[in-house]
Number of protein chains: 2
Amino acid sequence: MKSLSKGLRVLMEFTADAPVLGVTELASRTGLAKGQISKILNTFRQHGVLAQDQATRRYSVGSRAFALGSRFVNYHPLAREALVVMRQVVEQTGHSARLSIMDGDQVMYLLQSEGIFLADTGWRVGMFLPLHATTAGKVILAFLPPLRVDELLDGATLVTITPNTITDPATLRRDLAEIRRKGFGISKGETTAGLGTVGVPVFGRDGHVTAVLGLVFPLHLVDWADAPALAAILHEHARTLSQGAGCPVYPFGGSAPRPTGTSPPQAPVRSGRRARA
Amino acid sequence: MKSLSKGLRVLMEFTADAPVLGVTELASRTGLAKGQISKILNTFRQHGVLAQDQATRRYSVGSRAFALGSRFVNYHPLAREALVVMRQVVEQTGHSARLSIMDGDQVMYLLQSEGIFLADTGWRVGMFLPLHATTAGKVILAFLPPLRVDELLDGATLVTITPNTITDPATLRRDLAEIRRKGFGISKGETTAGLGTVGVPVFGRDGHVTAVLGLVFPLHLVDWADAPALAAILHEHARTLSQGAGCPVYPFGGSAPRPTGTSPPQAPVRSGRRARA
DNA sequence: AAACGCAGTTTCTAAATCGGGAACGCTGAC
DNA sequence: GTCAGCGTTCCCGATTTAGAAACTGCGTTT
């Protein structure tokens, strides 16, 4: 299927960094002939996968692509349960919650539930980031089989995303060891300047990391002494998700009585220095 | 581009109703030969657009399709602003907020922000529904040019989704007139049994309906006498969105001073009979 | 236990579709 | 008014696809 393959190669050029593209630009990016690109784009347009701006003649992702892609998260084993759980996390902490999964050698954001302190993190659902540059990625690495981690890290250069991104393999491996010990990972502006994150693993049937449940917040709102408290909340919910995913025993967090039923919004354990105005 | 076109036709068979499909089933659905379907599916799998379950050998939508599709909403003109606005709506009402757009002759859910009363509505982002069977669709119809409405309604049979779905054209047109008058539409279980919705239009540059901002809630939680109050809240925010989309004057709702800045979480105007447990 | 049936993958050949370069409108800039 | 840049169309050679049937592997039946 060479023709289909080429079409998809063209389609995949519509990245988060370049969401709107023209024929000539795509031709230079892919090395294909302009005329061919034009025909490919037209086919995608006919199917609603791409949309063409009538004024600029440039193309961007269309609604049918969105409809199709949404089926991935709508039918993802974790998603249905995670949606509910994440709302509870937001209610309890006030911060935005996030569910990330591993995709290839990157991290992808699957779900996000906006909190009250931070409505827009800039990073959106469906975006990819390198494993070493995010809390989610580090947590995944921490619980991956050591051989797999070596495969992923050896030879790979740890790209800089912000000044705080971990770029030294030794530092990263120390961080991974600490994550394994504590059961949660943190980031102080390693992915986005000014934003902090806490993340805990969700395990699947075979005890492998399936996803990472995390919180995102402006750094100035959270005292890092509270990180274990936030992690404890996440651990409770990650236990629920892990059990739902077929991993009966969750190794982290106390076995404190979990809130039963569908989130009776109890006294929120908000950890901001300055809570609601 | 016949090959690409066939590939996309196969891809589009992965609907919300049939998110997991096998080769034979796709062959019978599309009328193509099994062997060809197999090769097409393989190509999609190589690109991550589809994923194959190793046990059942069946295919479902993959992560790259999700990543691609998410770019539609991430770069949709309304989405960035709507994300923030919808969080505010949820804070103020406690109910789930939704942003829907028109796509072809259907309604598509673009964004959803979960409330505390109803974490999962069953209908998910990226799903399509007929215009007449949803609040969003009715609001869109109400503010579409009359000629366009005639095109859409004449000859079309109004499909039944629930026992409450409006299936009589005359009844529908009366509802549309009322929506135009009041500035908001409602549904009492017309889309999903037991769920009610309120929706208001968002207008774009040329004054056309761009989207519908709505609330979803379990019917027993809301007194319909409160509907205008909910609509008033939605109107405020829809005004913000319309202005952001280039429509300076929003015709509905009082010009009450809007809450400034990014949602100072004020006293919530919850309208449930039995508020938080 | 052996055989059947079903589902997915592979093989093969004729012929249609694609690939590549260059020419053609169209729009906006100078 | 002319030029430059972009997207689209045209054309021919040959690669690639379409289609039917055979193959393999697994689960179920007898």
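Because only heavy atoms are used, hydrogens play no part in the values below, and waters and symmetry mates are left out as well, while side chains stay in. Residue numbers begin at 1 in each chain, while the letters A, B, ... track the order of the sequences.
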Check: Parallel, tilted or perpendicular: which fits the ring planes of A/F143 and A/F203, with parallel below 30° and perpendicular above 60°?
Finding: perpendicular
Next item on the list: Report yes if at least one side-chain N or O of B/Y59 is closer than 4.0 Å to OP1 or OP2 of C/dT9; otherwise report no.
Entry: yes
Checklist line | Atom-pair distance (CG on A/L4; P on C/dC18), nearest Å | finding: 11 Å
Checklist line | Non-hydrogen atoms of A/G207 and A/C247 that approach each other most closely | finding: CA-SG, 4.4 Å
Item checked: salt bridge (Lys or Arg N to Asp or Glu O under 4.0 Å) contacts in which one or both residues fall within residues 39-68 of chain B, not counting sequence neighbours -> A/D103-B/R64
Next item on the list: Kindly indicate whether the side chain of B/H76, heavy atoms from C-beta on, has any atom under 4.5 Å from the side chain of B/L111.
Entry: no
Notebook entry, point to check: Does a donor on one side chain and an acceptor on the other come within less than 3.5 Å for A/S5 and B/H47?
Noted result: yes
Check: Among residues 17-56 of chain A, which contact DNA chain D at a heavy-atom distance under 4.0 Å?
Finding: A/G22, A/V23, A/T24, A/K34, A/G35, A/S38, A/Q52
Checklist line | Min side-chain heavy-atom separation A/T240-A/Y250 under 4.5 Å | finding: no
Next item on the list: In whole angstrom, give the distance that lies between atom CZ of A/R57 and atom C1' of D/dT8.
Entry: 9 Å
Check: Can you tell me how far P of D/dT17 sits from NZ of A/K2, to the nearest Å?
Finding: 8 Å
